[in-house]
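Each remark here refers to the structure printed beneath this line.
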Amino acid sequence: MAVRDAASPLVGLVVLFFTWGAWANVEVNMEGRVEVYRGQTAQIACMFLSSDDIGGLTIKWYYVTRSGEKQKIIYQDSTMVKVEQGTVFTDRIRVNGTGATGQVVLSISNVQVHDEAEFICTIGNLTDGTGEGRTKLKVFEIPDNPTIEAVETGISINENSLSKIGACQVKNGFPKPNITWYRNDTPLRNVLDEVKVQTSTTIESSHLFSVNSELSLKVVKEHKDDLFYCQITYFVPGGLKMTETDRINVTVLYPSTAVNVWVESPKGKIKEGDTIELHCHGNGNNPYEITIKHLKSGKSWDTEMLVLKNVTLLNSGVYQCTSLDMETYQDISGNTSVFVNFLHPAEVKPEGPHVMAQGDELTATCNALSSLQTHTAWFKNGKEVSKDHTLMLKDAMFDTAGEYVCVVTVPEIEGMETSRTLLVYVQGQPKIMEPENTEMENVEETVNLTCNARGFPAPKIIWTTSDGEVLHASQRETEEGVHSVVTVKVTSDITVFCNASNEHGTDGVTFNIKATNITTTITPAPNTTTTPDPNTTTTPDPNTTSTTSTTSTITSTITPTISISSSTVKAETALPPKKIKKEGRGVIIAVIIICILLLAILGSVLYFLYKKGKICGRSGKQDLTKEKSNKDNIVVEMKSDNTEEAVLLGVNGEKQPPSDQ
Ligand SMILES: *[C@@H]1O[C@H](CO)[C@@H](O)[C@H](O)[C@H]1NC(C)=O
Ligand SMILES: *[C@@H]1O[C@H](CO)[C@@H](O)[C@H](O)[C@H]1NC(C)=O
Ligand SMILES: *[C@@H]1O[C@H](CO)[C@@H](O)[C@H](O)[C@H]1NC(C)=O
Ligand SMILES: *[C@@H]1O[C@H](CO)[C@@H](O)[C@H](O)[C@H]1NC(C)=O
């Protein structure tokens, strides 16, 4: 609390003026008033000039009661001090000094508010007669900190009478403190029909004052920003002090005079797909109801905040916001207009995939309808190939083919774009891209060969081996042509062709694979002599490996006589290889011996027949040619396939010649 006047350091005793009583011959001198806080001790001095000796002196103290009578409280002479019994001061007073120095002091301890009175000191002596002096005792109490209370509810400016703004209270002060209302640092006085300050004072049982003050105003709109407070003034010994309450403000309710409707988000231009947030506010603060209406569609919403998600062109138009005052039932409205920008999907001409002959020209165009300025560009493989909405392709070549993407953007609005793809094919004969290497040495069982063939229409790719076997490839079409991969089993040196063809021509590439694995490992470690059948390769059974080496020598012996077709070979591959292993080395050796014996017998029979001249005619010659062609087959199979199987085939096939005969 602000203390405007610093209290005088002289507490309790303040000399305001002096009275020199000269009623009689004794001159008495006293302070006009003595000021003291409640509860303290007051000292009232009485000074006198007397020619007499102290012996004849009598000093009497009185106070003036409320009814104005003099009431004696103490009597003193050279021999005694006598306190009058039965007064309010009886227990709390005493005198200091005998009068010998020309001064006596009356002390009143624990001064109370009702002790305020005029005190009289009367000096009498034998020669000069009597004289008296008077002092007023003033008592003070600093009030408690003041409080202020604002009216909680809003105050309408349409109120006909004065409205209460707030109340201030200050308690337990003495003398009575004053309350002054301020509005923005201007003190308020009663003004008819405008300002009314009502003050009531209560005297507490302690005789202290409590003051309550209530402010009422004719509230106008301007009061909404005003700050109100109370200033408390109260007397202290030697002066005046002030404190202030906190500031309060009031909620002034007034009807709107305008409504404001705006697009809160997005800031800037709106595009299709955006979420729009429309806000509407009246400038008043009376309770009101807001309605937002889209004029074009007639739709309306009872809300101050309208959220429209995923807007389209249809959401464009004028939005009207109406505010209805709930007190006056008057409505006012405001407008805002919303425009949703659009960008239609891009349209490319020609539309579908476009096929060009080599050397041809193409002018493609790309357009997208938009409410804003657009920028169009064409891209191929991520590179810009045209900065315009037209794409010119001249003198088409293989490299001209591909995917052209037209991208239309709206520079003003980020993220607003559309794109469309145009596929261009250039007719031409297949061209196989040079593979990384066509000559290779392979240590693995299989090798993957890749053939990339350009050309349009997409070339057909055929993989063949030098023995005419057609290999199954996995392939897919690419932008430029075909990508084909084949997995080749490598058991011996092999040549593989990749041939690509379409209606415009053919192209081919040859892969030569050297099976380095087989030649280098046979001698030192028969175990590693790999066969394409995984079952046999994984078994470390020495029986199987020994067969391999044996057969290679046998092959040549069998071939001239046994005919095996390639289809038979394939059928036999299905034989479970486990059986072979179980038979073991002994069985195989036995079979081989039987074979040799049978061949020897057959040879001798043939020789015998020949000698006898019974072999003649066409039938015999045909058999020989057949055998020759079959011999080739066997050799091929021995090389490219499992030698083990070839041996078994030889054995099985042996039964055929008797049936032929
Ligand atoms: C209070 O107001 C009254 C009347 O205006 C005045 O006489 C008195 O001195 C004031 N008291 C204080 C403490 O300001
Ligand atoms: C005025 O009132 C408003 C609320 O009605 C409050 O937010 C603001 O703090 C107040 N100002 C003061 C100075 O009390
Ligand atoms: C060959 O391709 C097949 C699948 O296409 C793959 O599983 C295999 O690992 C490839 N082999 C080699 C040696 O790259
Ligand atoms: C594949 O091309 C090669 C030459 O690269 C050729 O020798 C062979 O005959 C062709 N095969 C076919 C089936 O066209």
Side-chain angles (χ1 to χ4, degrees), residues 1-8 14 16 33 35 37-38 113 116 136 138-146 168-182 187-191 195-203 207-215 229-245 429-435 437-440 449-455 459-473 475 481-482 484 486 488 494-513:
M1 293 294 116
V3 177
R4 298 263 169 95
D5 280 358
S8 145
V14 175
L16 295 177
R33 61 198 274 172
E35 300 185 333
Y37 282 114
R38 188 171 74 106
V113 165
E116 265 203 357
K136 277 183 178 153
K138 285 282 174 192
V139 184
F140 299 87
E141 177 68 22
I142 296 176
D144 301 342
N145 281 337
C168 285
Q169 193 173 45
V170 60
K171 288 178 114 176
N172 301 321
F174 196 90
K176 184 175 87 76
N178 282 355
I179 296 179
T180 313
W181 278 93
Y182 279 78
L188 291 169
R189 315 239 173 270
N190 281 334
V191 178
V195 184
K196 191 169 98 184
V197 177
Q198 258 181 317
T199 306
S200 62
T201 307
T202 318
I203 300 170
H207 300 274
L208 298 175
F209 291 101
S210 290
V211 183
N212 194 69
S213 180
E214 205 175 281
L215 172 68
Y229 67 94
C230 289
Q231 187 192 63
I232 315 299
T233 49
Y234 57 93
F235 289 113
V236 291
L240 197 64
K241 276 196 179 181
M242 295 175 213
T243 61
E244 286 170 6
T245 64
Q429 71 172 62
K431 173 90 183 84
I432 295 175
M433 311 307 224
E434 198 56 44
N437 56 337
T438 53
E439 305 290 324
M440 52 188 98
L449 303 176
T450 305
C451 220
N452 267 315
R454 280 176 151 193
K460 195 174 169 222
I461 294 199
I462 296 172
W463 292 87
T464 47
T465 62
S466 45
D467 355 312
E469 192 185 344
V470 177
L471 301 171
H472 178 75
Q475 61 187 51
V482 175
S484 179
V486 76
V488 180
I494 187 167
T495 303
V496 179
F497 304 108
C498 166
N499 295 44
S501 61
N502 70 6
E503 63 197 54
H504 299 287
T506 59
D507 192 14
V509 70
T510 308
F511 295 89
N512 288 311
I513 305 149

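As the structure lists them, so they are numbered: ligands from 1, and atoms in each ligand from 1. Counting from 1, the numbers follow the sequence of the chain as shown.
- Ring orientation note: the planes of F174 and F209 are close to parallel, at an angle under 30° on the 30°/60° scale.
- Annotation: T233 places an N or O atom under 3.5 Å from an N or O atom of ligand 1; distance criterion only.
- Enclosure of atom NZ in K136 is not indicated, since only 12 or fewer non-hydrogen atoms of other residues, nucleotides or ligands lie within 6.0 angstrom.
- Taking SG of C451 as the reference point, atom CD1 of I461 lies at 5.0 Å (rounded to 0.5 Å).
- Looking at P175 and F140, their side chains come closer than 4.5 Å, going by heavy atoms from C-beta outward.
- There is no protein heavy atom less than 4.0 angstrom from atom 7 (O) of ligand 1.
- Residue Y234 approaches ligand 1 through these ligand atoms, each under 4.0 Å from one of its heavy atoms: 13 (C).
- Counting only heavy atoms of the protein, atom 9 (O) of ligand 1 lies nearest to F235 CZ, 3.7 Å.
- Set against the non-hydrogen atoms of N178, the atoms of ligand 1 under 4.0 Å away are 1 (C), 2 (O), 3 (C), 6 (C), 8 (C), 10 (C), 11 (N), 12 (C), 14 (O).
- Taking 4.0 Å as the cut-off, T510 counts as a neighbour of ligand 4 on heavy-atom distance.
- A side chain to side chain contact (heavy atoms under 4.5 Å, CB included) with L471 is found for exactly one of I462, T465, T464, namely T465.
- The line from NZ of K171 to CD of E141 is 14.0 Å long, rounded to the nearest 0.5 Å.
- Looking at N499 next to ligand 4, an N or O pair under 3.5 Å apart turns up.
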